[in-house]
Enquirer: 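Quick one: this structure, given as structure tokens, is what I'll be asking you about.
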Amino acid sequence: MLDIRQIREEPELCQQRLKARGGDAWQLITEVLACDEQRRSGETEKQELQQERNRLSKEIGKMRSQGEDSADLETQVRGIGEKIKAVGETTEAADNRQRELLLQIPNVPHENCPVGSDETANPEIRTWGEKATFDGFEPTDHLTLGGKLALFDFELGAKISSSGFVVYTGAGARLQRALIQFLLDLHTREHGYTEVNPPVVVNRDCMFGTGQLPKFEDDMYGIEDNAHFLIPTAEVPVTNLFRDTIQKGDDFPVKTTAATHCFRREAGAAGRENRGLIRMHQFDKVELVNVVHPDQSVDQLETLTNEAEKVLQTLGLHYRIIELCTGDIGFSATKTYDIEVWAPGQNEYLEVSSCSNFGDYQARRMKLRFKDEDGKNRLCHTLNGSGTALPRLYVALLETYQQADGSIRLPEALHSYFGGEEIR
RNA sequence: GGAGAGGUGGCAGAGUGGUCGAAUGCAGUAGUCUUGAAAACUACCGUGCCGCAAGGUACCGUGGGUUCGAAUCCCACCCUCUCCGCCA
């Protein structure tokens, strides 16, 4: 959520920065301000009435204890009670409407977020390594490689679930497990993360906290009780671990990682240049979540991105970093870097990580605070990034390290995790 | 799933209709004392909202209700614990 005080004080600035995203959320600001006005005047009126009621009620108590007749006062207070109820209802309506609107308004992009209307305006920030070259053969794609080596089976996935689900088999399953282990070890041992293993079914509060609700309910798998959802990313359970807490502040940055299954409906995405493992309804991902002091978040986004990059560097995979422009940035984010790994068989870059700074937007939604030096409670900043998504990493790995005979020569970092140097 | 008990401030734990935002203890902060520390003593010590401020107001699991007045009474829901059942 945006800060209502900031909206009140600089409405034009808010609108202007929201406009940079495209969409029409900026138009809601006017109504938010109207609600705010109504809410506050109603609040004041209500409080004055309550004050009067409290005073008179105490009076009644006193009179009764002294055996005096308080009937007149009681009817008077009853009248005040009715007024309080009436004023309270309109105030609450304004309050609810205001919250409803605020929940629909996306975060404002950071001031140095590049302005643009869609992904074509995303600047490339840097690249690492080079596109893999192949001696004497044409690289093929992961579907062919995986099929030949029996690493995964889409038909089985469809049989026991539906399209968009896959069964990893044999060495393919083992490779997936090796990768998860490698990633968690990297982040916990070298980057100072604490590992957690959270539920993948979470309640609505969590989904509001990180910003999936109310706008993106249709993107998620709901549970039949209508109160729980399968998580689309570990960002949801992990960030919400800190919901409604007051952090010490000396522990900043709080760095937490988790490997979880992620579930996405991907409605409308079927068959659209998403062959193979590239877009699944269920996939694994190692997520990195940071809770930091507001002054740290800008720098921390760079650190977080570097931590995710380290994955690809260690595995020797060529990638590029692009920054999302104002028109392409996610709902809750102020600034985002995408890491795209090169997949030779696809002949394109695949997004394996999205690293974002959310500022205080999620923290305000979930009341995530810390005590500052003056003992005042202030909102933390939150960040997260994939470190990394598994299927596309898997694709890049197979396609990059394929050999002429269709076998895979694994990068050294994986040998001990996989228990071998090659898949053939 | 069945039966019972219970959800109060960072923690422990009083409070069963009014003077209770809430006793007390512990923890924490500041100070006195001390060469220093400890102990002792003194003061402070929950969160949100409205307000320039003074101050006001709300919050005792959540949501309703009764009442002039609710932490306290009633209803529903959620959660925790114990026992039974079931199960990895």
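Residue numbers start from 1 in every chain, and the chains themselves are labelled A, B, ... in the order their sequence lines are given, proteins ahead of strands. Treat the numbers as computed from the prediction; the structure is a model and nothing was measured.
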Enquirer: A cation-pi test, strictly: NZ or CZ of A/R365 under 6.0 Å from the centre of the six-membered ring of A/F208 and no more than 45 degrees from its axis. Yes or no?
Expert: no
Enquirer: Using the P atom as the reference point in each nucleotide, state the distance between B/C11 and B/A23 in Å, no decimals.
Expert: 16 Å
Enquirer: When the C1' atoms of B/C26 and B/C20 are compared, how many Å lie between them, rounded to an integer?
Expert: 22 Å
Enquirer: Only pairs at least two apart or in different chains count here, so list each ring pair (Phe, Tyr, Trp, His ring centres under 6.0 Å) that has a residue in residues 292-317 of chain A.
Expert: A/H293-A/F370
Enquirer: Using the 3.5 Å cut-off, write out each protein N or O paired with an N or O of nucleotides 66-70 of chain B and the distance between them.
Expert:
residue	atom	partner	partner atom	Å
B/C68	OP1	A/R78	NH2	2.8
B/C68	O2'	A/S57	OG	3.4
B/C68	N4	A/R64	NH1	2.7
B/C68	N4	A/R64	NH2	3.1
B/G69	O4'	A/S57	OG	3.3

Enquirer: Please report, rounded to the nearest Å, how far the P atom of B/C50 is from the CD atom of A/E37.
Expert: 12 Å
Enquirer: What is the separation between atom CD on A/Q50 and atom P on B/G21, rounded to the nearest whole Å?
Expert: 14 Å
Enquirer: Could you give the distance separating B/U67 and B/A71 at their C1' atoms, to the nearest angstrom?
Expert: 16 Å
Enquirer: Between A/R369 and B/G48, is there a contact of a side-chain N or O with OP1 or OP2 at under 4.0 Å?
Expert: yes
Enquirer: What donor-acceptor contacts under 3.5 angstrom involve side-chain atoms of residues 380-388 of chain A, with partners at least two apart or in another chain?
Expert:
residue	atom	partner	partner atom	Å
A/H381	ND1	A/S297	OG	2.8
A/T382	OG1	A/Q362	OE1	2.8
A/N384	ND2	A/E235	OE1	3.4
A/N384	ND2	A/E235	OE2	3.3
A/S386	OG	A/S354	N	3.3

Enquirer: Does A/A259 have any side chain to side chain contact (heavy atoms under 4.5 Å, CB included) partners at least two apart in sequence or in another chain, and if so, which?
Expert: A/I180, A/L184, A/V286
Enquirer: Taking for each residue the nucleotide of RNA chain B with the nearest heavy atom, is it A/E92 or A/R5 whose nucleotide lies nearer the 5' end?
Expert: A/R5
Enquirer: Taking atom P in both B/U80 and B/G65, what distance in whole Å separates the two?
Expert: 28 Å
Enquirer: Residues two or more places apart in sequence or in another chain: which of them pass side chain to side chain contact (heavy atoms under 4.5 Å, CB included) with A/A308?
Expert: A/I339, A/S353, A/C355
Enquirer: For A/R174 and A/G419, work out which heavy atoms get closest and say how close.
Expert: NH1-O, 4.0 Å
Enquirer: Say you pick atom P in B/U57 and the same atom in B/C78; how far apart are they, in whole Å?
Expert: 35 Å
Enquirer: Holding to side chain to side chain contact (heavy atoms under 4.5 Å, CB included), I want the full list of residues that pass it with A/I223, two or more places apart in sequence or in another chain.
Expert: A/V201, A/D225, A/H228, A/L230
Enquirer: Please state how far atom CZ in A/F370 lies from atom P in B/G46, giving the value in whole angstrom units.
Expert: 19 Å
Enquirer: Has the side chain of A/Q47 got a donor or acceptor atom sitting under 3.5 Å from an opposite partner on the base of B/G56?
Expert: yes
Enquirer: C1' atom, B/G21 versus B/G46: distance in rounded Å?
Expert: 9 Å
Enquirer: Return a table of donor-acceptor pairs under 3.5 angstrom between the side chains of residues 75-93 of chain A and protein atoms on other chains or two or more places apart.
Expert:
residue	atom	partner	partner atom	Å
A/T75	OG1	A/D72	O	2.7
A/T90	OG1	A/V87	O	2.9
A/T91	OG1	A/V87	O	2.7

Enquirer: Only distances under 3.5 Å count here; give the side-chain donor-acceptor pairs of residues 41-50 of chain A to other protein atoms, sequence neighbours excluded, each with its distance to 0.1 Å.
Expert:
residue	atom	partner	partner atom	Å
A/S41	OG	A/E37	O	3.4
A/S41	OG	A/Q38	O	3.2
A/T44	OG1	A/R40	O	3.0

Enquirer: Sort me out a list of protein N/O and nucleotides 77-79 of chain B N/O pairs below 3.5 Å, or just none if empty.
Expert:
none

Enquirer: When we call it a touch if two heavy atoms are under 4.0 Å apart, what does A/K371 touch: a base, just sugar-phosphate, or nothing?
Expert: sugar-phosphate
Enquirer: Measuring only the C1' atom in each nucleotide, how far is B/A27 from B/C79? A whole number of Å is fine.
Expert: 27 Å
Enquirer: Give A/R8 one of three labels, base, sugar-phosphate or nothing, depending on what nucleic acid heavy atoms sit under 4.0 Å from its own.
Expert: sugar-phosphate
Enquirer: When the P atoms of B/G17 and B/U72 are considered, how many whole Å apart are they?
Expert: 11 Å
